2 protein chains.
Amino acid sequence: MTDPPVTLRDVAARAGVHPATASRALNPETRLLVREDTALRVLEAAEHLGYHPNPVARSLRTRRSHTVGVLIPDLTNPLFPPIVRGLEDRLAAAGYVALIGNTDGDGERERLLFEQMRARHVDGMVLATAHLSDPLLAEAARAGLPVVLMNRMAQDHSLPSVSVDNERGMRMAVTHLVAEGHQRIAHIAGPQELSTGLNRYRGFMAAIEAHGLVADPDLIIAAKAFSIEEGLRCTRALLERRSGCTAVAAGNDMLAVGCFAALDEAGLDCPADLSVVGFNDMPFIDRLRPPLTTIRFPHYQVGTEAAQLLLERIAGQDGPVKVLYLAPELVVRGSTAPCRPGEPGLA
Amino acid sequence: MTDPPVTLRDVAARAGVHPATASRALNPETRLLVREDTALRVLEAAEHLGYHPNPVARSLRTRRSHTVGVLIPDLTNPLFPPIVRGLEDRLAAAGYVALIGNTDGDGERERLLFEQMRARHVDGMVLATAHLSDPLLAEAARAGLPVVLMNRMAQDHSLPSVSVDNERGMRMAVTHLVAEGHQRIAHIAGPQELSTGLNRYRGFMAAIEAHGLVADPDLIIAAKAFSIEEGLRCTRALLERRSGCTAVAAGNDMLAVGCFAALDEAGLDCPADLSVVGFNDMPFIDRLRPPLTTIRFPHYQVGTEAAQLLLERIAGQDGPVKVLYLAPELVVRGSTAPCRPGEPGLA
DNA sequence: TTGTAGGCGTTATCAC
DNA sequence: GTGATAACGCCTACAA
């Protein structure tokens, strides 16, 4: 029933050479060590027999699994599929495959998955999770396991990382609102223990200052999570303060969607009563009513670049650690509008 | 720099036993073959040394990689992340990991990925791609490689498969529209060469007949892809026909979104002028204006069930082939409304 | 240029 | 119950 697998021996036998010779002929690295015509014979035999080298055996010998581990919070978060695709595409091009682990933001699960992947002898790890403890990272470093960070970075920049420039993105968002004439701009910040939340908050403050506006604490509120519910809650709280804002810069698109919901609830109109700008440009966010103005995040490239960095480390390139920032892009849609002069601001 | 990896030999040495004994003690399957106290000694030694079995070596010996291949069209299609999560979660629980391959619907890529995964000695495959040629499936069967189909099935039911009951789902959609008083119901069908497109079309026809309505060819149009653009195109065409329909059952949510766009364009209102029902209940589809009435598809469970079926085959269960249908669910939102009596229907 | 031999870490199959 | 031995399929000094 089951086909007998074709091994190197079979190929060698058919080509009338020793397995070692066959191995050399089949391996691009060492093909030049073997005479042209014998190499050809081997190749022909391999072709004829439908030979595929057994990667397991090869891994055992070479201690290379051609496998990398990827830890993300949750694949069903729409942010991640394009990133993962980018990763996989770039890795596949180099003959690597990715093992995806979803941590759900749980530190314990994170640890466990990390260990399991190490146990599976991954050649490297890409970490997009926020909480992975530094001891674990140190352990990886000690074991010589290449690690690349995604959407976060080591405080001391000791590890390669790829992320969008969150500060700059948020500055772009605020600058856009200012250009539309808004003066009292609120910020629904993401969780401040996440680097994305923190850096976007910093970008917000920097932009406010740069434009000579006042950073009114009443205009700033931090969400406990990047969720629609939290966006709803924070916007409600903002409205209750009656602080006269005419625009909101949300920490991400989910918070902006929650903001939309709160406006609906309060009978307010976006953008007539309040301009809203998001962050991420999630799929379908352009189909909302109104279509959300947001900061586009080059998801796919974050993935490809992270893969690239990791492949470089795996290949043993020992150059300086690269910390890569990808430029975000402002996408203006229907949720932002010029501030009506003399507008009283949100009641 | 790099830690020397702890091997079975080390554990055996520390416990004062032969490696084979250590192996037996460490393996749950064979632990009973070894005396309690020696087993304990081995376990203790392993613990102390921080021993992790080398899965590569184990695979070489046991010819089990504890790895399965998963072929999907495109991870960034919002349909798939929950399915993949379901798969991975169920597989992880059994100590397996998934290798994801994106085919982009390209038959050649599909073939290539299939081969690569076979070359990596996956223990089984889950296929969610439509075009995988039957010869390849036959080859897998011949090689004794377990295969499970997702969202499609073998014509002869010769392979285990998991899918949502597309026919039933579409019948539910039509029945809902009929209950709302609609009589002239259009169908924007998905591509008829995809089993999803075909089966939903069949469900549509069956429901129309069951309700004693006429299946007017003017009311039916087939999209070339499950895309917003095609939904737009098809709805435009439908509107031009002036066939007096008051409701549309779209082949999936993307087509429904395109339908929304066409209505906007034509200055028509949903649901006042036309009721629209989608299929899939994609993320954020409930945030559209109006929120889309649709058929919910138990994505996550499709994944877990497919994983379950595959694990059963891998475990060597040779029972009858299981073909599993998961029940869809109607989710009524704002895009469908009662047909206004005496309504002329779409101009 | 090609063959020889040994081992990567584990487990299956024998003996004892 | 435990130890010895031999693979699993491949790669790579080293020798010829």
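Bear in mind that the values here come from a model prediction, so they are computed numbers and not experimental data. Atoms considered below: every heavy atom in the structure, side chains included; atoms not considered: hydrogens, waters and symmetry mates. Order of the sequence lines sets the chain letters (A, B, ...), proteins ahead of strands, with each chain counted from 1.
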Does [X] use its side chain to pair, donor to acceptor, with the backbone of [Y] at less than 3.5 Å?
{"X": "A:T76", "Y": "B:P82", "result": "no"}
{"X": "B:T129", "Y": "B:P73", "result": "no"}
{"X": "B:D10", "Y": "B:T7", "result": "yes"}
{"X": "A:R109", "Y": "A:N102", "result": "yes"}
{"X": "B:T304", "Y": "B:L87", "result": "no"}
{"X": "B:D104", "Y": "B:D106", "result": "no"}
{"X": "A:T21", "Y": "A:V17", "result": "no"}
{"X": "B:T62", "Y": "B:R58", "result": "yes"}
{"X": "A:R24", "Y": "A:R31", "result": "no"}

Problem - Contact list for DNA chain C against residues 32-42 of chain A - heavy-atom distance below 4.0 Å - result: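 The stretch gives A:L33, A:V34, A:R35, A:T38 as the residues lying under 4.0 Å from the strand, ordered by number.
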N/O to N/O distances under 3.5 Å, protein versus nucleotides 8-11 of chain C:
from   : atom 1 : to    : atom 2 : distance (Å)
C:dC8  : O3'    : A:R63 : NH2    : 3.4
C:dG9  : OP1    : A:R63 : NH2    : 2.6
C:dT10 : OP1    : B:Y51 : OH     : 2.5
C:dT10 : OP1    : B:N54 : N      : 3.1
C:dT10 : OP2    : B:L8  : N      : 2.5
C:dT11 : OP1    : B:R58 : NE     : 2.7
C:dT11 : OP1    : B:R58 : NH2    : 3.0
C:dT11 : OP2    : B:S23 : OG     : 2.8
C:dT11 : O2     : B:R61 : NH1    : 3.0

Handout entry: Opening and closing nucleotides of DNA chain D in contact with chain A, under 4.0 Å to non-hydrogen atoms
Key =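 Listed 5' to 3', the contact boundaries are D:dG9 to D:dA13.
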Problem - Ion pair check, B:R90 and B:E305, cut-off under 4.0 Å - result: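 Result for this pair is no, no salt bridge flagged.
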Practice task
List for me each residue that meets side chain to side chain contact (heavy atoms under 4.5 Å, CB included) alongside B:A98, sequence neighbours excluded, and say none if there are none.
Solution key: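 Residues passing side chain to side chain contact (heavy atoms under 4.5 Å, CB included) with B:A98: B:V68, B:V70, B:E88, B:L91, B:I100.
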Practice task
For B:V56, answer base if it contacts any base atom (sugar-phosphate contacts may also be present), sugar-phosphate if it contacts only those atoms, and nothing otherwise; contact means non-hydrogen atoms under 4.0 Å.
Solution key: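 Answer is nothing: B:V56 stays at 4.0 Å or more from every strand.
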Exercise for the section: Kindly calculate the angle separating the two end axes of the helix from C:dT1-D:dA16 to C:dC16-D:dG1, each obtained from five base pairs, and round it to 10 degrees. Expected result: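 The end axes of the helix from C:dT1-D:dA16 to C:dC16-D:dG1 are about 40° apart, to the nearest 10°.
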Exercise for the section: Just grab all the side chain to side chain donor-acceptor pair (under 3.5 Å) pairs involving residues 41-52 of chain B, residues at least two apart or on different chains. Expected result: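 As it turns out, the side chain to side chain donor-acceptor pair (under 3.5 Å) pairs with a partner in residues 41-52 of chain B, which skip direct neighbours, are B:R14-B:H48.
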